[in-house]
Amino acid sequence: MVRKLTYLRETPSQTAGPYVHIGLAPAYAGFEIFENNFTNTVAGPDVPGERIVIEGCVYDGTGTPLRDVLLESWQADANGHYRHPDDPNHGPADDGFRGWGRMCSHFETGVFSLETIKPGPVPGRNGRLQAPHISLWIVARGINIGLQTRLYFGEETDANAADPVLNLIEQESRRQTLIAQPADGTGTATHRFDIHLQGEKETVFFDV
Amino acid sequence: MQRNTPAGPRPGEYFQRDRTLQPPAYTQVYKTSATRSPQKPLLSLEQTVSEITGPVFGDHDLGPLDHDLIRNHAGDGEPIGPRIVVHGHVLDENGRGVPGALVEIWQANAGGRYRHRNDIYLAPIDPNFGGCGRCLSDETGYYFFRTIMPGPYPWRNYVNSWRPAHIHLSIFGRSFCQRLITQLYFEGDPLIPECPIVQTIPDASAVERLIATLDMNASIPFDSRAYRFDIVLRGRRSTLFENRLDGN
């Protein structure tokens with residue numbers, strides 16, 4: 001007779017739906033309600049680090065940009081430290097950098113953007129260093145459970161080649177789906193990162 | 001509220017998510033998922049410090065009325081509809097309360113209309129109701145909202161599809177890998193089993209756990225009925241053993 005341990009079970013996910021902005025970004029829904037709003041600015045002007053902008057679209061299986069998608073980002077600071085007590089090297093909690101941002105795609109173009117600093121490399125498992133990366137979480141109408149992925153930086157050729165997570169991806173061509181590329185001609189440190197939910201260019205999503 | 005690590009062994013990784021209790025990406029009944037569902041398998045990732053950490057929120061992030069949807073967008077009057085309390089605990093799969101969890105909610109008004117630029121349903125906007133709120137769970141994981149019972153509304157899936165009355169919830173636990181969005185339904189609503197979005201969940205007992213229960217003990221006489229809804233986030237191992245995440 002096999003006995004069962006009694007753990008609680010995780011609450012099931014449901015889609016964020018088309019009106020996710022009301023709860024998570026009311027200004028996008030079309031009204032003001034809260035004094036403090038969560039935005040796509042991860043790092044204020046005084047936070048040390050290389051200032052970057054991430055820009056992109058999330059495409060569905062027909063190649064159409066999602067115009068009602070919401071993304072969140074989570075990253076370390078420029079020294080590779082997370083602002084969280086479970087990071088043994090965690091940085092200060094009160095210097096204006098939380099490490100987290102919330103982005104909404106534009107209702108006409110589908111473009112989302114994130115204003116932040118470039119994170120430093122962070123320790124991985126078994127003493128291996130991870131290349132600088134930003135964790136992303138994507139929800140929208142039609143997405144039944146939030147999608148987790150990572151963004152790496154195109155200019156980090158050597159670090160990316162040694163990154164233990166990128167190297168988990170069997171097909172080398174699919175690793176490219178996680179690598180943001182410097183955008184041409186913008187004059188700022190803008191990185192382009194498009195996400196494809198389906199198709200030949202389908203982004204690698206993680207079960208974390 | 002600032003969360004601190006308790007003394008003792010450092011907590012370890014989060015339990016693997018049980019995907020048999022979660023909706024798959026592609027669900028035929030919910031048509032929009034057809035073009036928005038990844039078709040390749042998710043890559044299983046052993047957690048690193050990037051996954052077991054997440055944003056920390058505090059009281060300074062919120063305003064005093066943020067949890068009170070009856071008052072947080074009211075002008076001269078009060079919102080229309082049945083007044084309710086929605087409350088419960090944010091727990092993890094070990095049954096422990098999750099303190100400092102940010103819970104954000106949004107919903108339609110009593111007529112089934114959302115205050116959103118894209119909602120064109122013919123039911124009217126309620127001038128005194130915004131339809132969103134947020135709070136932080138206390139040190140035991142308890143959370144509490146005051147609001148108006150949302151109305152059901154039609155949507156385009158089949159021609160005659162109606163969403164059961166529901167409240168959307170977004171929850172941050174302690175780590176980014178616990179991030180969850182879900183919807184709360186109300187006990188006794190005959191639209192629940194008919195709903196394609198509910199039907200995306202493959203397990204009947206998992207659906208049951210999305211249904212809030214009338215809680216007469218917590219109801220406020222001559223003011224509001226109460227509904228109880230506990231939220232369970234992924235649990236975690238209590239200690240870190242070999243293959244330590246920090247690589248020391």
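Each chain gets a letter, A, B and so on, in the order the sequences are listed, and its residues count up from 1.
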Got a second to check how far [X]'s [atom1] is from [Y]'s [atom2], nearest 0.5 Å?
{"X": "B:D203", "Y": "A:R9", "atom1": "CG", "atom2": "CZ", "value": "8.5 Å"}
{"X": "B:E93", "Y": "A:T6", "atom1": "CD", "atom2": "OG1", "value": "12.5 Å"}
{"X": "B:L210", "Y": "A:Q14", "atom1": "CG", "atom2": "CD", "value": "5.5 Å"}
{"X": "B:T27", "Y": "A:N144", "atom1": "OG1", "atom2": "CG", "value": "4.0 Å"}
{"X": "A:F34", "Y": "B:N72", "atom1": "CZ", "atom2": "CG", "value": "6.0 Å"}
{"X": "B:D66", "Y": "A:I33", "atom1": "CG", "atom2": "CD1", "value": "8.0 Å"}

Taking every non-hydrogen pair under 4.5 Å, which of [options] racks up the most with chain A?
{"options": "B:D119, B:V198, B:V207, B:N94", "answer": "B:D119"}
{"options": "B:L91, B:N118, B:I171", "answer": "B:N118"}
{"options": "B:E51, B:K40, B:K31", "answer": "B:K40"}
{"options": "B:G130, B:G63, B:G131", "answer": "B:G130"}
{"options": "B:R179, B:R19, B:Q107, B:R234", "answer": "B:R179"}
{"options": "B:H168, B:Q178, B:H166, B:R115", "answer": "B:R115"}

Quick check: are there more than 12 heavy atoms from other residues, nucleotides or ligands sitting under 6.0 Å from [atom1] of [X]?
{"X": "A:Q181", "atom1": "CD", "result": "yes"}
{"X": "A:R192", "atom1": "CZ", "result": "yes"}
{"X": "A:Q171", "atom1": "CD", "result": "yes"}

Test your reading of the model: is there a side-chain donor-acceptor pair from [X] to the backbone of [Y], 3.5 Å cut-off?
{"X": "A:Q198", "Y": "B:Q39", "answer": "no"}
{"X": "B:Y30", "Y": "A:G142", "answer": "yes"}
{"X": "B:R17", "Y": "A:V208", "answer": "no"}
{"X": "A:N36", "Y": "B:H60", "answer": "yes"}
{"X": "B:Q22", "Y": "A:I145", "answer": "no"}
{"X": "A:Q148", "Y": "B:C177", "answer": "no"}

Side-chain heavy-atom pair [X], [Y] within 4.5 angstrom cut-off:
{"X": "A:R141", "Y": "B:W155", "result": "no"}
{"X": "A:P12", "Y": "B:L21", "result": "no"}
{"X": "A:R98", "Y": "B:F57", "result": "yes"}
{"X": "A:Y7", "Y": "B:D18", "result": "no"}
{"X": "B:L42", "Y": "A:F206", "result": "no"}
{"X": "B:R134", "Y": "A:F38", "result": "yes"}
{"X": "B:V56", "Y": "A:P85", "result": "yes"}
{"X": "A:V122", "Y": "B:T48", "result": "no"}

A:W100-B:F176 aromatic ring centre distance below 6.0 Å: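 That pair fails the under 6.0 Å test.
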Are A:F31 and B:H73 close enough that their ring centres sit under 6.0 Å apart?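 Centroid distance A:F31-B:H73: below 6.0 Å, so yes.
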Between A:E108 and B:R117, is there a salt bridge with N-O shorter than 4.0 Å?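 Salt bridge present between B:R117 and A:E108.
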Salt bridge or not between A:E10 and B:R209? Use side-chain N to carboxylate O under 4.0 Å.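 No, this pair does not count.
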Between [X] and chain B, which part of the residue has a heavy atom less than 4.5 Å away: side chain, backbone, both or neither?
{"X": "A:L136", "result": "backbone"}
{"X": "A:V58", "result": "neither"}
{"X": "A:R83", "result": "backbone"}
{"X": "A:H133", "result": "side chain"}
{"X": "A:Y59", "result": "neither"}
{"X": "A:L66", "result": "both"}
{"X": "A:Y82", "result": "side chain"}
{"X": "A:Q130", "result": "side chain"}

Which of the residues [options] is involved in the greatest number of heavy-atom pairs with chain B at under 4.5 angstrom?
{"options": "A:V69, A:L197, A:T64", "answer": "A:L197"}
{"options": "A:Q75, A:E72, A:H21, A:E35", "answer": "A:E72"}
{"options": "A:L168, A:T149, A:T62, A:V204", "answer": "A:L168"}

Can you confirm whether the side chains of A:D86 and B:S175 place a donor and an acceptor under 3.5 Å from each other?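 Judged by distance alone, the side chains do not pair up.
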Can you see which heavy atom on A:I22 is nearest to which on B:Y114, and at what distance?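 Result for this residue pair: CD1-CD2, 3.4 Å.
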Ignoring hydrogens, what is the shortest heavy-atom contact between B:E104 and A:G23? Give both atom names and the distance.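 The pair with the smallest heavy-atom distance is OE2-O, 4.1 Å.
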State which residue, out of B:D230, B:L233, B:V232, fulfils the side chain to side chain contact (heavy atoms under 4.5 Å, CB included) condition with A:L8.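 Among B:D230, B:L233, B:V232, the one meeting side chain to side chain contact (heavy atoms under 4.5 Å, CB included) with A:L8 is B:V232.
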Let me know which of A:T15, A:V139, A:I143 forms a side chain to side chain contact (heavy atoms under 4.5 Å, CB included) with B:I181.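 Considering A:T15, A:V139, A:I143, a side chain to side chain contact (heavy atoms under 4.5 Å, CB included) with B:I181 is found only for A:V139.
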Give, as side chain, backbone, both or neither, the part of [X] having an atom under 4.5 angstrom from any heavy atom of chain A.
{"X": "B:S170", "result": "side chain"}
{"X": "B:A34", "result": "backbone"}
{"X": "B:L69", "result": "neither"}
{"X": "B:Q183", "result": "both"}
{"X": "B:A25", "result": "backbone"}

Could you please spell out the steps behind the side-chain contact (heavy atoms from CB on, under 4.5 Å) verdict for B:W106 and A:L24? CA-CA 8 Å; B:W106 68 101; A:L24 305 192; 4.1 Å; yes
For A:R150 and B:L45, run side-chain contact (heavy atoms from CB on, under 4.5 Å): C-alpha distance rounded to whole Å, both residues' side-chain angles, the deciding distance at 0.1 Å, then the answer. CA-CA 11 Å; A:R150 283 184 174 197; B:L45 191 60; 4.3 Å; yes
Take A:W74 and B:S50, measure what side-chain contact (heavy atoms from CB on, under 4.5 Å) needs, and give me the verdict at the end. CA-CA 8 Å; A:W74 174 240; B:S50 304; 5.5 Å; no
